[in-house]
Structure formats: C-alpha cells, structure tokens
Amino acid sequence: MIHPRLDYDFYRRDVLEVCPGLIGKVLVRSYPDGSQFRSRITEVEAYRGEEDLACHAARGKTDRNGIMYGEGGYVYVYLIYGMYWMLNVVTGRADEPQAALIRGLEDVSGPGRLTKKIEIDRSFYGLDLVHSGVLWIENHSLPAEYTTAKRIGIDYAGEWKDKPWRFVMGV
DNA sequence: AACACGATTTCG
DNA sequence: GAAATCGTGTTT
C-alpha cells in the first residue's frame, strides 16, 4: 500500500480549506538512524492573513514570519515562551501569509509537547514538506470527522479571537 | 541598548 | 494561580 505525500496543490489553497483536510492525515518524522515516527494529526488551527489579528503576519512581514509570505508547502517554526517550538505548515499562495498550527497528534497532545517528542526545532524553518527526507505528511485515506472550536491563547485578538478556526478530530 | 511579551506546559 | 525562559519586535 502506497501512501502518497501531500503535494503543493494540497497546501496551496486557503488555510480554511487546508486545515480540515489535515485532520486524520499522517505526519512522518524520519530520523538519521533510518527509523520513522508516524502519527495521525488530530488538531490544527488556522492563522489567516494580515487582517487576522491573531496571525503573526498581523503587523506585516518580519524576519520571523517571512516564510508565511511565500508559497504553501513549507514549514514555519518559532519559539514560544522561550521554551517550546511551534510547528506550522504554510498554506496558500505567495503574498497570502497563512499557516496551519499543528496542535496535536494521536500519540501526543499539545503543540509544545509534540515538537519536543519528535525533535523539531528552529533548524526545520523553511523545510520543503514535499521533498524533505526528515519531515512530511502522508494521505492514508483514513476517514476523519472533525469539529471546530475557538483558537487557544489569542484573547488579545479582538473580534478575531472568536473565529471557529480550530479543527479537532472527532464527532 | 533596553524592554515587554508570547499560537505553552507544568507544578503547587 | 503562577513560574519558567528567551527570541523577536518595538521603543529608547
């Protein structure tokens, strides 16, 4: 059974289309010793454009969020609270700064805990998910229902804090 | 050069 | 409820 990688066409759509599509897909982390870690994505959040006050692009392009202004299909990682790396997938087309934050996997809950478990840090910034040998996402064609909810930890985002842009696997 | 703070987690 | 901990963006 072949499990194809998600390709550029998958990522280069609006983040609100990509996020529900990511639920149930399989994140693959390949290590230098040849071993691999696989787990289904169970929770993601959408951050959408400069108008979204919760998005890191809300105050324009910077050194940190620059990758979000490019084409979808690349990795955006950043350090939060001086301790945890957040794993994001850039979506949309160039000059449409969007990203999907991977918040949970079947085997580990929490965006900070999952990056620690599968050893993802700053060195993954800008990684090409379509061609990388260390990190990518596969479609195993498994059924995946999801529900939506408000995004977490963005109470400062005014009217944007209540958008139902968190997607969680389940009914 | 200094300062404020965050898309979190853990412990008390 | 509060601390931990530091890179990044903003202000001085």
Under 3.5 Å, which protein N or O atoms sit close to an N or O of nucleotides 4-8 of chain C? Give each pair with its distance.
unit_1: C:dT5; atom_1: O2; unit_2: A:Tyr81; atom_2: O; d: 2.4
unit_1: C:dT8; atom_1: OP1; unit_2: A:Arg122; atom_2: NH1; d: 2.5

Listing time: all N or O pairs from protein to nucleotides 1-4 of chain B that are below 3.5 Å?
none

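A:Lys117 places its NZ atom 20 Å from the P atom of B:dT8, with the value rounded to the nearest Å. Taking atom CG of residue A:Leu87 and atom P of nucleotide B:dT9, one finds them 13 Å apart after rounding to whole Å. Distance CZ (A:Arg59) to C1' (B:dA7): 13 Å, rounded to an integer number of Å. For A:Ile152 and B:dA7, the CD1 to P distance is 13 Å, given to the nearest whole Å. Across the protein-nucleic acid pair, A:Asn88 atom CG and B:dG6 atom C1' stand 14 Å apart, rounded to whole Å. Here the C1' atom of nucleotide B:dG6 and the CD1 atom of A:Ile154 are 13 Å apart, to the nearest Å. Per the geometry, CG belonging to A:Asp155 stands 15 Å off P belonging to B:dC5, to the nearest Å. Spacing between atom CZ of A:Arg113 and atom P of B:dC11 amounts to 10 Å, rounded to whole angstrom units.
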Determine which bases of DNA chain B form Watson-Crick or G-U wobble pairs with both distances under 3.5 Å, and write the result as a 5' to 3' dot-bracket string with | for other-strand partners.
||||||.||||.

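Note on A:Arg166: every side-chain N or O is 4.0 Å or more away from OP1 and OP2 of B:dA7.
No donor-acceptor distance shorter than 3.5 angstrom exists from the side chain of A:Glu43 to the backbone of A:Val168, with no hydrogens or angles considered. Side-chain atoms of A:Thr91 do not come within 3.5 Å of backbone N or O of A:Tyr11 as any donor-acceptor pair. Not one N or O on the side chain of A:Tyr146 forms a donor-acceptor pair closer than 3.5 Å with the backbone of A:Arg166.
Among A:Lys163, A:Arg103, A:Lys161, the single residue meeting the salt bridge (charged side-chain N to carboxylate O under 4.0 Å, His left out) criterion with A:Glu45 is A:Arg103.
Here the side chain of A:Pro111 is nearest to one of B:dA7, B:dT9, C:dT10, namely B:dT9.
Ring centroids of A:His131 and A:Tyr74 are separated by 6.0 Å or more, keeping the two rings apart.
The shortest side-chain heavy-atom distance between A:Arg29 and A:Phe124 falls under the 4.5 Å cut-off. In this structure, the side chains of A:Asp121 and A:Thr115 stay at 4.5 Å or more apart for every pair of heavy atoms. A heavy-atom distance below 4.5 Å is found between the side chains of A:Leu22 and A:Phe10. A:Arg48 places a side-chain heavy atom less than 4.5 Å from the side chain of A:Leu16. Looking at heavy atoms from C-beta onward, A:Leu27 lies in side-chain contact with A:Leu135 at the 4.5 angstrom threshold.
The aromatic rings of A:Tyr76 and A:His56 sit perpendicular, their planes meeting at an angle over 60°, well past the 30° parallel limit.
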